[in-house]
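Proteins come first, then strands; the chains are lettered A, B, ... in the order of their sequence lines, and each starts at number 1. Predicted model, so just to flag it, every value in this text is computed and none were measured.
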There are 2 protein chains.
Amino acid sequence: MPRINKSKYAVLGILSLGPMSGYEIKNTIEGSLGNFWSESYGQIYPILRSLVAEGLATSRTEEQTGRPNRHVYTLTDAGRGALLQWLAEPVEYDVGRVEILLKLFFGWQLPVEDSLTKLREFRTVSEGLGSKYEGIEQWLKSTQAGHPGLPYWLATVSYGQHLSRALLAWCDETEGILGAIQEDQGHRAEVATPGRNGNGRDS
Amino acid sequence: MPRINKSKYAVLGILSLGPMSGYEIKNTIEGSLGNFWSESYGQIYPILRSLVAEGLATSRTEEQTGRPNRHVYTLTDAGRGALLQWLAEPVEYDVGRVEILLKLFFGWQLPVEDSLTKLREFRTVSEGLGSKYEGIEQWLKSTQAGHPGLPYWLATVSYGQHLSRALLAWCDETEGILGAIQEDQGHRAEVATPGRNGNGRDS
DNA sequence: GGCACTTATATCTCCTTGATATGTATCTAG
DNA sequence: CTAGATACATATCAAGGAGATATAAGTGCC
């Protein structure tokens with residue numbers, strides 16, 4: 001089962017929006033797919049060359065004075081066909097690597113407070129994610145009104161909003177559970193060593 | 001800002017549970033972090049060598065007859081220190097690559113039904129994810145009862161459950177929106193070309 | 001006996017990321 | 001006016017990372 005190169009289809013998809021240079025492709029990806037997909041020049045330029053070699057795109061060189069010539073790539077019918085074929089293939093899903101979970105997994109080996117600090121940090125990150133998506137939603141609605149792609153693009157933004165709400169709910173739940181463990185430990189420590197009273201911080 | 005190698009800390013973390021060989025580390029990761037983290041032999045073996053070179057672990061060879069000798073790695077105090085230091089560093093979060101969103105983003109260029117099919121596929125995947133996590137939760141509760149790590153491990157499972165519920169909710173919402181577009185298009189097609197009536201499928 | 005699977009170590013290729021190199025043009029703050 | 005930042009445009013490199021494959025013996029089953 002030779003791994004299929006999804007970057008290739010991301011580039012193909014962007015080219016389906018119109019002829020572009022490698023530089024423009026990168027910028028377009030950042031400004032559209034950027035929230036759930038990324039590509040680097042290190043992939044884009046070799047992919048463009050292979051697309052031409054496979055007959056999925058053609059390239060034409062635009063002469064420019066004072067800066068490197070633009071290499072503009074245009075999708076061929078075969079290229080559009082390859083894109084449609086990939087779109088029809090079944091989707092995969094991968095949770096991916098989640099750093100907060102890696103840290104939390106080993107968290108029982110150190111004071112509960114350390115894990116709670118990590119969770120509070122992560123809550124801030126998740127909140128930032130949520131407001132970022134809200135901004136994008138407003139921007140899309142005001143600048144792309146009437147475009148047939150709008151509902152689809154809003155769906156990708158909504159994915160991010162559902163995700164960030166889920167992260168926040170998970171933070172709430174987990175902070176509650178670890179908080180209870182901390183109180184429990186604090187209580188037992190208090191009973192064991194009376195005198196060190198009213199366990200300091202509770203912000 | 002040289003990218004820090006998180007795989008190194010995953011290996012360090014696993015070694016904090018006890019001395020292990022590269023093979024055992026791989027298996028242990030799959031059976032514990034497996035739902036949100038993965039490592040391949042191609043990373044584990046070079047990392048183990050570099051851990052020894054950096055003084056973060058020691059290796060000892062157990063002679064075996066009939067099969068390759070076991071190289072068992074043990075965390076040093078410096079290694080445990082490096083792990084704790086990394087645990088204290090701020091966490092990052094990355095939504096990562098989401099294939100369904102990449103496909104959906106280009107979905108407006110083809111019939112709505114195609115995108116709805118993708119969403120229904122994705123719903124099945126998300127449901128599978130949810131039941132997988134439920135199974136893990138039950139298994140953890142019944143086999144690890146009383147272990148101080150249990151609440152932390154359950155928290156990582158809960159993350160997956162929150163995530164799968166969010167994916168399902170997003171599917172509901174998006175199927176509703178695209179379904180409305182489809183009905184709208186069907187309606188307009190009906191008005192435009194009367195005669196081809198009662199637009200076939202609606203499952 | 002043959003076949004599939006598991007234990008165990010290790011390497012290889014390819015994908016992917018992020019940094020860097022090169023060089024001009026334009027914009028901006030001091 | 002000019003130094004520095006940013007945009008345009010192409011391209012390469014070193015690492016990080018995933019997955020398949022190589023090797024080799026042991027175990028269980030038909």
Ser38(A): side chain to side chain contact (heavy atoms under 4.5 Å, CB included) partners, not counting sequence neighbours
none

Please enumerate all residues that pass side chain to side chain contact (heavy atoms under 4.5 Å, CB included) together with Lys26(A), with sequence neighbours excluded.
Glu30(A), Tyr41(A), Ile44(A)

Geometric cation-pi criterion Lys6(B) and Trp86(B), 6.0 Å radius, 45° cone
no

Rounded interatomic separation in angstrom, taking [atom1] from [X] and [atom2] from [N]:
| X | N | atom1 | atom2 | answer |
| --- | --- | --- | --- | --- |
| Gln43(A) | dG17(D) | CD | P | 15 Å |
| Lys6(A) | dC15(C) | NZ | C1' | 11 Å |
| His71(B) | dT7(C) | NE2 | P | 18 Å |
| Ile44(B) | dT11(C) | CD1 | P | 14 Å |
| Arg49(A) | dA9(D) | CZ | C1' | 14 Å |
| Asn5(A) | dA18(D) | CG | C1' | 13 Å |
| Tyr9(B) | dG16(D) | OH | C1' | 14 Å |
| Glu39(A) | dA19(C) | CD | P | 16 Å |

Under the 3.5 angstrom rule, does the side chain of Ser158(B) hit a backbone N or O of Leu154(B) as a donor-acceptor pair?
no

Where the side chain of Ser142(A) meets the backbone of Trp139(A), is there a donor-acceptor pair that is under 3.5 Å apart?
yes

Listed nucleotide nearest any side-chain atom of Arg97(A), set dT12(D), dG17(D), dT16(C)
dG17(D)

Taking the side chain of Tyr41(B) as heavy atoms from C-beta outward, which of dT11(C), dG17(D), dG18(C) is closest to it?
dT11(C)

Salt bridge (Lys or Arg N to Asp or Glu O under 4.0 Å): pairs with one or both residues in residues 137-154 of chain A, sequence neighbours excluded
Glu137(A)-Lys141(A)

Rounded to 10°, the angle between the first-five-pair and last-five-pair axes of the helix from dG1(C)-dC30(D) to dG30(C)-dC1(D) is 30°

Between [N] and [X], is there an OP1 or OP2 to side-chain N/O distance shorter than 4.0 Å?
| X | N | value |
| --- | --- | --- |
| Asn69(A) | dA9(D) | no |
| Tyr45(A) | dT10(D) | yes |
| Ser7(A) | dT16(C) | yes |

Does anything in residues 18-38 of chain A reach DNA chain D, meaning a heavy atom under 4.0 Å, and if so which residues?
Ser21(A), Gly22(A), Tyr23(A), Asn27(A)

For Glu175(A), which residues count as a side chain to side chain donor-acceptor pair (under 3.5 Å) partner, sequence neighbours excluded?
Arg123(A)

Could you check Val72(B) against Lys8(A) and say which one's nearest nucleotide on DNA chain C is further toward the 5' end?
Val72(B)

Would you say the ring centroid of Tyr152(A) lies under 6.0 angstrom from that of Trp108(B)?
no

Ion pair Arg97(B)/Glu39(A), N-O distance below 4.0 Å:
yes

